[in-house]
S.K.: 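Below are the structure tokens for one structure; questions will follow.
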Amino acid sequence: MAASYTPTPVLKTPRVTIACVQLASGADKAANLARAAAQVRRAASSTGAKIVVLPECFNSPYGTSFFPTYAEVLQPSPPSPEQSPSYHALSAMARDNGVYLVGGSIPERDPSSSSTLYNTSLVFAPDGRLLATHRKVHLFDIDIPGKITFKESEVLTGGDSITLVDLPEYGTIGVAICYDVRFPELATVAARRGAFALVYPGAFNLTTGALHWELLARGRAVDNQIYVAMCSPARDMDAGYHAWGHSMVVSPMAKVLAEADEQETVVSAELVSEEIEEARRNIPLRTQRRFDVYPDVAAEKQ
């Protein structure tokens with residue numbers, strides 16, 4: 001028993017370029033925002049990208065001890081520049097460069113409960129309007145003996161929704177953050193509801209990155225026959241948390257189209273509508289799923 005899908009093509013234009021900014025961030029928030037602005041400008045001007053992505057926690061160091069210090073109030077929206085300098089910086093980056101900007105993520109503070117923090121991604125339109133907000137759903141709580149122990153839940157609260165963003169000229173993208181990529185259900189729902197790309201700002205480390213970063217990107221792409229973009233911070237071995245880097249864009253057939261090393265850089269790739277449609281014609285998963293055997297995770301809640 002097959003399910004209904006968004007009509008094809010899901011990418012409305014023949015092609016569009018996406019760029020991932022692998023940013024080196026430090027302890028100075030204002031400097032981080034200025035550096036991000038310069039790199040977004042570089043990405044837009046040098047690659048022609050119309051969709052630009054920043055990494056997870058781009059405005060601060062990554063770590064549970066930093067989240068409370070760097071957190072900003074985003075609600076009610078729009079916040080004042082004093083409440084959220086990052087919001088206004090991101091809006092200006094999108095507007096000044098005429099791009100859709102997936103603004104990595106920043107720590108967010110709930111104004112009604114100062115101890116409630118989220119890891120939040122803001123998506124802006126080319127005119128600087130806020131289009132969507134994604135709060136990281138799955139918190140990064142892991143313990144690999146002798147390698148790494150990390151518990152975001154010590155300070156963060158998980159979000160409770162799937163984020164689909166309509167880019168009118170191009171179609172829909174799904175946005176999630178880092179550890180969310182390990183949960184295929186989010187990607188499946190986004191793809192089944194018409195996304196042409198899944199975008200993940202993320203900060204895997206030297207243990208999990210080496211093991212699973214590329215594997216997960218390619219897995220989400222081939223499972224759903226859409227593009228996947230993964231955007232990491234640059235690696236800083238003097239920081240407390242060592243990001244993997246290797247920002248990448250993966251095709252619907254799980255081919256790595258572009259990949260960074262660990263340094264600060266910009267990588268880009270062209271997303272081609274026909275490549276999505278060809279993958280789905282050649283391997284027609286959409287018409288072969290058996291929801292009489294297993295449940296449809298993308299079905300609307302009754």
Side-chain angles (χ1 to χ4, degrees), residues 5-22 39-55 93-104 121 123-129 131-132 163-176 181 187-188 190-201 214 217-232 246-260 265-286:
Y5 288 84
T6 301
T8 58
V10 290
L11 177 53
K12 297 177 183 178
T13 58
R15 56 196 69 233
V16 63
T17 297
I18 190 169
C20 294
V21 174
Q22 186 162 287
Q39 292 299 316
V40 169
R41 183 166 58 250
R42 174 190 169 198
S45 63
S46 66
T47 72
K50 296 302 182 183
I51 305 169
V52 179
V53 187
L54 286 167
M93 290 178 218
R95 183 180 61 250
D96 292 348
N97 296 286
V99 298
Y100 288 100
L101 181 63
V102 179
S121 182
V123 183
F124 290 88
D127 62 2
R129 289 179 301 113
L131 292 179
T163 301
L164 298 174
V165 190
D166 179 39
L167 315 183
E169 304 97 316
Y170 306 115
T172 299
I173 60 171
V175 175
V181 75
T188 298
R192 292 275 311 288
R193 293 184 184 170
F196 67 85
L198 303 168
V199 180
Y200 297 96
E214 179 181 331
R218 296 178 70 191
R220 297 295 83 81
V222 76
D223 283 350
N224 298 289
Q225 299 175 312
I226 58 176
Y227 288 95
V228 170
M230 304 267 281
C231 189
S232 171
H246 293 272
S247 298
M248 64 175 55
V249 182
V250 179
S251 81
M253 291 294 282
K255 179 182 178 181
V256 177
L257 302 176
E259 181 179 0
T265 190
V266 172
V267 295
S268 65
E270 193 173 59
L271 313 187
V272 180
S273 180
E274 177 56 22
E275 289 194 1
I276 302 173
E277 304 312 313
E278 182 181 32
R280 293 176 175 187
R281 283 195 305 268
N282 293 350
I283 306 174
L285 304 180
R286 289 156 57 95

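This chain uses plain numbering: 1 for the first residue, then up along the sequence. Because only heavy atoms are used, hydrogens play no part in the values below, and waters and symmetry mates are left out as well, while side chains stay in. On a predicted model such as this, the values are computed, not experimentally measured, just so you know.
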S.K.: Taking Val181's backbone N and O only, do any of them form a donor-acceptor pair with Arg220's side chain (distance below 3.5 Å, no angle check)?
M.R.: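 Looks like yes, one N/O pair under 3.5 Å.
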S.K.: Would you name the heavy atoms of Val250 and Ala221 that are closest together and state the gap between them?
M.R.: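 What the structure gives for the nearest pair is CG1-CB, 3.8 Å.
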S.K.: Of all residues at least two apart in sequence or in a different chain, which pass the side chain to side chain contact (heavy atoms under 4.5 Å, CB included) check with Thr265?
M.R.: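 Thr265 satisfies side chain to side chain contact (heavy atoms under 4.5 Å, CB included) with Gln22, Arg42, Ala260, Val267 only.
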S.K.: Would you mind writing out the side-chain donor-acceptor pairs for residues 95-104 within the sub-3.5 Å range, not counting sequence neighbours?
M.R.:
{"residue": "Asn97", "atom": "ND2", "partner": "Met93", "partner atom": "O", "Å": "2.8"}
{"residue": "Tyr100", "atom": "OH", "partner": "Glu169", "partner atom": "OE1", "Å": "2.3"}

S.K.: When you measure from the side chain of Ser273 to the backbone of Leu11, do you find a donor-acceptor pair of N or O atoms at a distance under 3.5 Å?
M.R.: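 Between the backbone of Leu11 and the side chain of Ser273 there is a qualifying donor-acceptor contact (under 3.5 Å).
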S.K.: Do the side chains of Val52 and Val21 get nearer than 4.5 Å, heavy atoms only?
M.R.: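 Side chain of Val21 against side chain of Val52, heavy atoms only: contact under 4.5 Å found.
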S.K.: Run the numbers on Val222 and Lys255 for side-chain contact (heavy atoms from CB on, under 4.5 Å), then give the verdict.
M.R.: CA-CA 9 Å; Val222 76; Lys255 179 182 178 181; over 6 Å; no
S.K.: Which heavy atom of Cys20 sits nearest to which heavy atom of Cys231, and what is that distance?
M.R.: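 Closest approach of Cys20 to Cys231, heavy atoms only: CB-SG, 3.8 Å.
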S.K.: Side chains of Pro55 and Pro201: closer than 4.5 Å at any heavy-atom pair?
M.R.: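 In short, these two side chains do not touch, never coming nearer than 4.5 Å.
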S.K.: Looking at OG of Ser46 and CZ of Arg41, how far apart are the two atoms once the value is rounded to the nearest 0.5 Å?
M.R.: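 The CZ atom of Arg41 is 11.5 Å from OG of Ser46, to the nearest 0.5 Å.
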S.K.: Check whether any side-chain heavy atom of Arg281 lies under 4.5 Å from a side-chain heavy atom of Glu274, and answer yes or no.
M.R.: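 They are in contact (side-chain heavy atoms under 4.5 Å apart), so the answer is yes.
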S.K.: Between Thr17 (side chain only) and Glu270 (backbone N and O only), is there a donor and an acceptor less than 3.5 Å apart?
M.R.: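 The answer is no, because no donor-acceptor pair under 3.5 Å joins these two groups.
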S.K.: Please report the interatomic distance CD(Gln225) to CD1(Ile283), rounded to the nearest 0.5 Å.
M.R.: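 Reported value, rounded in 0.5 Å steps: 6.5 Å.
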S.K.: What's the shortest heavy-atom distance between Thr172 and Gly194, and which atoms?
M.R.: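 Nearest heavy atoms, Thr172 then Gly194: CB-O, 3.9 Å.
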S.K.: Would you give the length of the straight line joining atom CG of Leu285 to atom CG of Asn224, rounded to the nearest 0.5 angstrom?
M.R.: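 So the CG of Leu285 and the CG of Asn224 are separated by 9.0 Å.
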S.K.: Write down the atom of Ile226, the atom of Leu198, and the distance for their closest heavy-atom approach.
M.R.: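 Here Ile226 and Leu198 meet closest at CD1-CG, 3.4 Å.
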S.K.: What is the distance from atom CZ of Phe196 to atom OG1 of Thr8, rounded to the nearest 0.5 Å?
M.R.: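 With rounding to 0.5 Å, CZ (Phe196) is 15.0 Å from OG1 (Thr8).
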S.K.: Let's go through Thr163 and Val165 carefully: what are the C-alpha distance in whole Å and the side-chain angles of both, what is the deciding distance for side-chain contact (heavy atoms from CB on, under 4.5 Å) to 0.1 Å, and is it a yes or a no?
M.R.: CA-CA 6 Å; Thr163 301; Val165 190; 3.9 Å; yes
S.K.: Could you measure the distance from the CD1 atom of Ile18 to the OH atom of Tyr227? Nearest 0.5 Å is fine.
M.R.: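 Ile18 CD1 to Tyr227 OH: 11.0 Å, rounded to 0.5 Å.
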S.K.: Taking the side chain as every heavy atom from C-beta outward, state whether Val40 and Leu54 have any atom pair closer than 4.5 Å.
M.R.: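 Sidechains of Leu54 and Val40: in contact.
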S.K.: Of all the heavy-atom pairs spanning Ala94 and Ala125, show the shortest one and how long it is.
M.R.: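 Nearest heavy atoms, Ala94 then Ala125: CB-O, 3.3 Å.
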S.K.: Mind checking what makes salt bridge (charged side-chain N to carboxylate O under 4.0 Å, His left out) contact with Glu214, not counting sequence neighbours?
M.R.: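 Glu214 satisfies salt bridge (charged side-chain N to carboxylate O under 4.0 Å, His left out) with Arg218 once adjacent residues are dropped.
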S.K.: Just wondering, do Ile51 and Leu167 contact through their side chains at under 4.5 Å, heavy atoms?
M.R.: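 With C-beta onward as the side chain, the pair touches.
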S.K.: For the residue pair Met253 and Ala279, what are the closest heavy atoms and their distance?
M.R.: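 That closest heavy-atom pairing would be SD-CB, 3.7 Å.
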S.K.: For the residue pair Tyr170 and Lys12, establish whether any side-chain heavy-atom pair is separated by less than 4.5 Å.
M.R.: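 The answer is no; the side chains never approach within 4.5 Å.
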